[in-house]
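Working notes, beginning with the structure itself.
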Amino acid sequence: MSEEIEKYPPNFIRNIIEKDVQAGKNSGQVITRFPPEPNGYLHIGHCKAICLSFGMAQEFGGSTNLRFDDTNPLKEKTEYMESMKTDIEWLGFKWKEERNASDYFEQLYQFAVQLIESGKAYVDSLSADEIREYRGTLTTPGRNSPYRDRSAEENLDLFRRMRAGEFADGEHVLRLKIDMASPNINMRDPAIYRIRHAEHHQTGDAWCIYPLYDYTHCISDSLEGITHSLCDLGFEAHRPLYDWVLDNINVNCHPQQIEFSRLNLQYTVMSKRKLKQLVEENLVDGWDDPRMPTISGLRRRGYTAAALRDFCRRIGVTKSDNNVELALLESVIREDLEDTAPRVMGVINPLRLVIDNYPVDQVENLTVPNHPKLESLGERTLQFTREVYIDRDDFREEANRKYKRLVLGGEVRLRYGYVVRANEVVRDASGEITEVHCTYDPETLGRNPEGRKVRGVIHWVSTTEGCPAEIRLYEPLFTVDYPDASDQDYRDLMNPDSLTIKHGFVEKSLAEATPDDHYQFEREGYFCLDSRHARPGHLVFNRTVGLRDTWAKIAQQED
RNA sequence: UGGGGUGUCGCCAAGUUGGUAAGGCACAAGGUUUUGAUCCUUGCAUCCGCAGGUUCGAGUCCUGCCACCCCAGCCA
């Protein structure tokens, strides 16, 4: 059903792939890969890459491999691999093969030997600082290392001994012999192996030399028969190197690297370094904090996989810098939940409403639809009682005509219930209203009163039949739309009000909610149970996103 | 100042071999509505970074500018 809907609108990468397929390139096959480094959690920027790589393969009947790019044992952990798999599966994608770059360590080593033998790689014994000096600058060419012309025999011997662990970290490095005067800095004899006496989460202590990205990635792609290797623009200047390596070793598959621009989203940060810092400095409640742009955070917040996929389709794929508004993300989840989330009632800022002429112990069961349009979502039972909670924002002692809620002396309908008239308020010692007393019209259940119009409908929860619930409201994590663009440290730009915890009440049917359920609290927004904080008997709801609120705009203009 | 990229409505983004500017989000105005939600209708770039040129005709071709982004890890 969704196959047609989930197709990407035209974009330059799809155009390229389409032409390749039509031309019969790669026998018409499309094989992609998603190659995360397991050094953090996946975020919505990765989501764009995942949807694209898996999506392109899907559209053209191909397949996608998941490959952990684990060439840096110092930064990677298996914990991250697990979370990444969970997130990708949750997003709805299935990889064909699960691989690790470390699976290819032996082959990578043999290719390096090949390169040395053909005089295209050499062991350099310059220090890291010296290598940097020799590299030159953006505008001045580099100089050849004094070790550049070692014989193949000597290089082979040194490289073997590097592998054998005879040298300390940093003593030597294996470099490609390309061109120290290249205007592209990446081509100035890039290092492809470094010595790291470190335990690797996959290979243990089998290796003490580890290949670098530029060397590893293209060969891994080739070994897996990848046809289109999609990555972000940051690797554009590395493409000549990607191609150089594959052109200079003996492989028969040369994938095409195509770069697209990364996603920039307003009011958040996207670099793994910063997200990690937020977690480690306890500035947020873990990688899956509902305010985080991580896939796990968005999931916990209540975003659905379908909405995220839709989002990635709507933002498009180009090479231009982009700054996507939060409004688009919000609109996409509202649109998804509009047709799928059952309606319920929850009061966030409770104010007690007493219906003086309603029988004290009476409980009236009202069978009501779960959705105003979709009968398929079924019905549920509400309990109407003498005392209910309404939201403080839905009552005013006095108000002008534009205010369509409960006003002293005026009428309003309690959603699915009766029409009530507010008669008086009760205050506490500080003057705050604690109760509103009213009377109801028994003739108004399921029908409008005669001779007068009731303009408003408000939601409510029985004080005796409803359940207390903690309700968590979220605002953006940052106060500025582009924290990365600021001169200030992004941590100083964090929004102190990004999380507000309220103590409200929800209707009884919510007692059995699970974190996988999405609800619309009528007139409030979309909510889901928090997977971390909710416990049996202790309901905690996250507000995924509020409903579109045109009244808020009107009310604001009044002030 | 070297190299690589990008510039189409507030944001994202389509624009086939040049033929006379899609769509989404946002916004605005109406209508429906027991959610000020949803839904429906309507409006929203004489203009495609700028300046020239080629052409009957250019966002699409040519020339020259301008702006912004990325690259100097033994990170990915």
Side-chain angles (χ1 to χ4, degrees), chain A residues 9-11 15 35-37 39 69-72 74-76 101 124 126-128 131-132 135-142 169-175 182-188 190-196 210 212-214 216-217 231-240 259 261 263 266 272-273 313-332 334-335 338-339 343 345 368 371-373 402-405 412-417 419 444 446-448 454-459 520-525 546-555:
Chain A
N11 64 64
N15 293 344
E37 181 189 17
N39 68 341
D69 219 330
D70 56 350
T71 55
N72 188 349
L74 268 26
K75 291 188 175 174
E76 299 145 6
D124 197 355
L126 249 26
S127 70
I131 286 182
R132 190 179 316 118
R135 184 156 35 227
T137 70
L138 294 178
T139 51
T140 61
D169 288 6
E171 241 181 285
H172 305 287
V173 75
L174 185 68
R175 290 230 252 171
S182 172
N184 180 348
I185 290 227
N186 301 120
M187 299 298 271
R188 319 239 261 232
I192 58 171
Y193 267 94
R194 76 296 217 181
I195 301 171
R196 284 266 183 290
Y210 293 96
L212 279 106
Y213 170 84
D214 285 311
T216 308
H217 198 80
C231 62
D232 76 67
L233 243 25
F235 297 101
E236 203 163 26
H238 294 245
R239 191 172 64 236
E259 314 84 10
S261 57
L263 163 68
Q266 287 189 334
K272 263 201 243 178
R273 192 196 111 242
R313 262 175 271 124
R314 292 209 212 182
I315 56 177
V317 181
T318 66
K319 299 181 75 151
S320 44
D321 287 347
N322 57 83
N323 300 301
V324 176
E325 293 176 338
L326 216 44
L328 181 61
L329 223 208
E330 295 182 338
S331 121
V332 131
R334 284 195 192 106
E335 188 174 302
E338 162 64 23
D339 289 337
R343 271 54 172 172
M345 291 197 282
V368 306
H371 190 104
K373 292 178 179 170
K402 285 185 182 171
Y403 188 79
K404 303 198 298 187
R405 309 175 187 189
V412 78
R413 174 177 294 281
L414 293 175
R415 177 73 158 157
Y416 295 127
V419 169
T444 55
R447 65 178 174 205
N448 288 125
V454 177
R455 301 182 64 223
V457 180
I458 65 174
H459 57 97
Q520 184 194 99
F521 286 12
E522 290 205 55
R523 302 207 313 127
E524 291 289 1
L547 253 29
R548 212 169 255 112
D549 192 355
T550 52
W551 164 247
K553 287 175 197 166
I554 297 167

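Lettering follows sequence order; numbering is per chain, from 1. Scope of the values below: all heavy atoms of this structure, side chains included, with no hydrogens, waters or symmetry mates.
With its glycosidic angle within 90° of 0, B:G73 is assigned syn.
Contact of the A:R455 side chain with the A:Y403 side chain is not registered, since no non-hydrogen atoms from C-beta on lie closer than 4.5 Å. A 4.5 Å side-chain heavy-atom check between A:H217 and A:D69 finds at least one atom pair inside the cut-off. Two residues are said to be in side-chain contact when any heavy atoms from C-beta on lie closer than 4.5 Å; A:V173 and A:I195 fail this criterion.
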Please produce a list of atom pairs where a protein N or O lies less than 3.5 Å from an N or O of nucleotides 37-39 of chain B.
residue: B:A37; atom: OP1; partner: A:T550; partner atom: OG1; Å: 2.7
residue: B:U38; atom: OP1; partner: A:R548; partner atom: NH1; Å: 2.1
residue: B:U38; atom: O2'; partner: A:E338; partner atom: OE2; Å: 2.7
residue: B:U38; atom: O2; partner: A:K373; partner atom: NZ; Å: 2.5
residue: B:C39; atom: O4'; partner: A:K373; partner atom: NZ; Å: 3.0

Every protein N/O lying under 3.5 Å from an N/O of nucleotides 40-45 of chain B:
none

Between the protein and nucleotides 1-5 of chain B, list the N/O to N/O atom pairs that are separated by less than 3.5 angstrom.
residue: B:G2; atom: N9; partner: A:L138; partner atom: O; Å: 3.2
residue: B:G2; atom: N3; partner: A:L138; partner atom: O; Å: 3.1

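With sequence neighbours excluded, the residues satisfying salt bridge (charged side-chain N to carboxylate O under 4.0 Å, His left out) with A:E335 are A:R314. Taking A:E325 as the reference, nothing meets the salt bridge (charged side-chain N to carboxylate O under 4.0 Å, His left out) condition, with sequence neighbours excluded.
Within 4.0 Å of A:S331, counting heavy atoms only, lie sugar-phosphate atoms of the nucleic acid but no base atom. Contact annotation for A:L126: base contact, defined as any heavy-atom pair under 4.0 Å involving a base atom. Using a 4.0 Å heavy-atom distance criterion, A:R405 is classed as a base contact.
The interatomic distance linking A:Y213 (OH) with B:C71 (P) rounds to 14 Å, in whole Å. Atom CZ in A:R273 sits about 17 Å away from atom P in B:C75, given to the nearest Å. Following rounding to the nearest Å, A:N323 (CG) and B:C9 (P) show an atom-to-atom distance of 13 Å. Atom CG of A:D169 is separated from atom P of B:C75 by 10 Å (rounded to the nearest Å).
For the P atom pair drawn from B:G23 and B:C66, the interatomic distance equals 36 Å after rounding to whole Å. Across B:C12 and B:G52, the matching P atoms stand 28 Å from one another, rounded to whole Å. Distance noted for atom P between B:A28 and B:U16: 34 Å (whole Å). Between B:G15 and B:C9, the two P atoms lie 16 Å apart (nearest whole Å).
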**Prompt:** How does RNA chain B look in dot-bracket form if you count Watson-Crick and G-U pairs under 3.5 Å, write [ ] for pairs that cross, and put | where a base pairs with another strand?
**Reply:** .((((((..(((......[...))).(((((.......))))).....(((((..]....))))))))))).....
